[in-house]
Protein chains: 2
Amino acid sequence: MRKSSKRKTMRLLDTIERLRAAGLRPTRQRAALAGLLGSEHRHISAESLHREAAKAGVPVSLATVYNTLHQFTEAGLLREVAISAGRSYFDTNTGDHQHFYCEESGELVDIPGNAIVVDGIPGPPKGTAIDRVDVVVRIRRN
Amino acid sequence: MRKSSKRKTMRLLDTIERLRAAGLRPTRQRAALAGLLGSEHRHISAESLHREAAKAGVPVSLATVYNTLHQFTEAGLLREVAISAGRSYFDTNTGDHQHFYCEESGELVDIPGNAIVVDGIPGPPKGTAIDRVDVVVRIRRN
DNA sequence: TCAACAGATTAGAACAATTCTAAAATGAAT
DNA sequence: ATTCATTTTAGAATTGTTCTAATCTGTTGA
């Protein structure tokens, strides 16, 4: 067995464990998608992941990609980043951080959470609690 | 002439002046929509403004509502607030401020700009400049 | 005042992103 | 192996938005 193959196998087992831990049945498709998401932090859309899966020879329906992304998000494996109407990203980095967003290219760039500080947020309206604070720094080429 | 009618007329003239000043031809529809947007600060969607116009007896096509909202935004009369895929708001308050967003109700609540402070934003990627910093404080009922 | 034309509006088609549906397939537990 | 709940799937449906080509309206200048 070659090294790369062995590594792949170990990653797969890992993935299956993580799915189980998240309370998700480790199906073929979920494991494949989790594998594609990989360990490096990335910003993906449903469409782009669907294309990637197809390219990797894992035929998954677009509906399943959407289902899976939402389940992963609920399970805390992903974070959804709202940018603009009709443009939704999923971020494999669920830790504390924010984003630059380039209006022209549509690209996201991370801002480490320890860099940015938001201060002076008033108490939330009665009967509600703060869930998360999202900062999007919109940038333009010049 | 009744008081309310006089007030209405004055507002209309005002509106027309503001449109001209923004370099927009003061058409029936633009004046009507600008009038509906009124002077109090509000958060609206294209759909909601379209419904309002219909209810007020001003038949405007949805396409015109979209066109007008975008033109007003470009002219600096409105600010667009991106909340989530498939949910875009226009804010009649173009001054410095941010928002609470209630995940459950979809409502926006203003946070005065003088309250909130964002610090420690790193220099933007090479070749780009910061256009705007958007803060969305996501809240949930409890 | 009105003719002419650029610019604006319109209904409806087209489009993009996402969700729904009902049927077929699969994983887990006997 | 059989069963059953869960998952996947293709394709239809929905939603929000933009496009298109025809029609209409402000504005300008004769």
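It should be emphasised that the depicted structure is a prediction, and the values quoted were computed from it without experimental measurement. Chain identifiers are assigned alphabetically (A, B, ...) following the order of the sequence lines, protein sequences preceding nucleic acid strands; residue numbering begins at 1 within each chain.
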Using whole Å, report how far CG of B:Leu69 lies from C1' of D:dG16. 13 Å
Residue set satisfying side-chain contact (heavy atoms from CB on, under 4.5 Å) with A:Ala56, at least two apart, ordered chain then number -> A:Leu36, A:Val58
Under the side chain to side chain donor-acceptor pair (under 3.5 Å) test, residues paired with A:Arg42 that sit two or more places apart: A:Glu52
Residues forming a side-chain contact (heavy atoms from CB on, under 4.5 Å) with B:Pro59, sequence neighbours excluded: none
Distance, rounded to the nearest Å, where B:Glu80 contributes CD and D:dG16 contributes P: 15 Å
Annotated protein contacts, base or backbone, on nucleotides 1-14 of chain C with a non-hydrogen cut-off under 4.0 Å, one of B, S, - each: ------BSSBB---
B:Ser88 near the nucleic acid: base, sugar-phosphate alone, or nothing, with a heavy-atom cut-off under 4.0 Å? sugar-phosphate
Roughly how many Å is it from CG in B:Leu19 to C1' in D:dT27, rounded to a whole number? 16 Å
For A:Glu104, all residues meeting side-chain contact (heavy atoms from CB on, under 4.5 Å), sequence neighbours excluded: A:Cys102, A:Arg140, A:Arg141
What is the distance from CZ of A:Arg51 to P of C:dA16, rounded to the nearest Å? 12 Å
Can you list the residues that meet the side-chain contact (heavy atoms from CB on, under 4.5 Å) rule with B:His97, with sequence neighbours excluded? B:Arg79, B:Asp91, B:Asn93, B:His99, B:Asp110
Toward the 5' end of DNA chain D, by each residue's nearest nucleotide, B:Pro26 or B:Glu47: B:Glu47
I need the B:Phe72 CZ to B:Leu33 CG distance, nearest 0.5 Å. 6.5 Å
Should A:His70 be listed as having a side-chain N or O under 4.0 Å from OP1 or OP2 of C:dT18? no
Can a side chain N or O of B:Arg20 be found less than 4.0 Å away from OP1 or OP2 on D:dT27? yes
Would you say A:Tyr66 reaches C:dT19's phosphate, i.e. side-chain N/O to OP1/OP2 under 4.0 Å? no
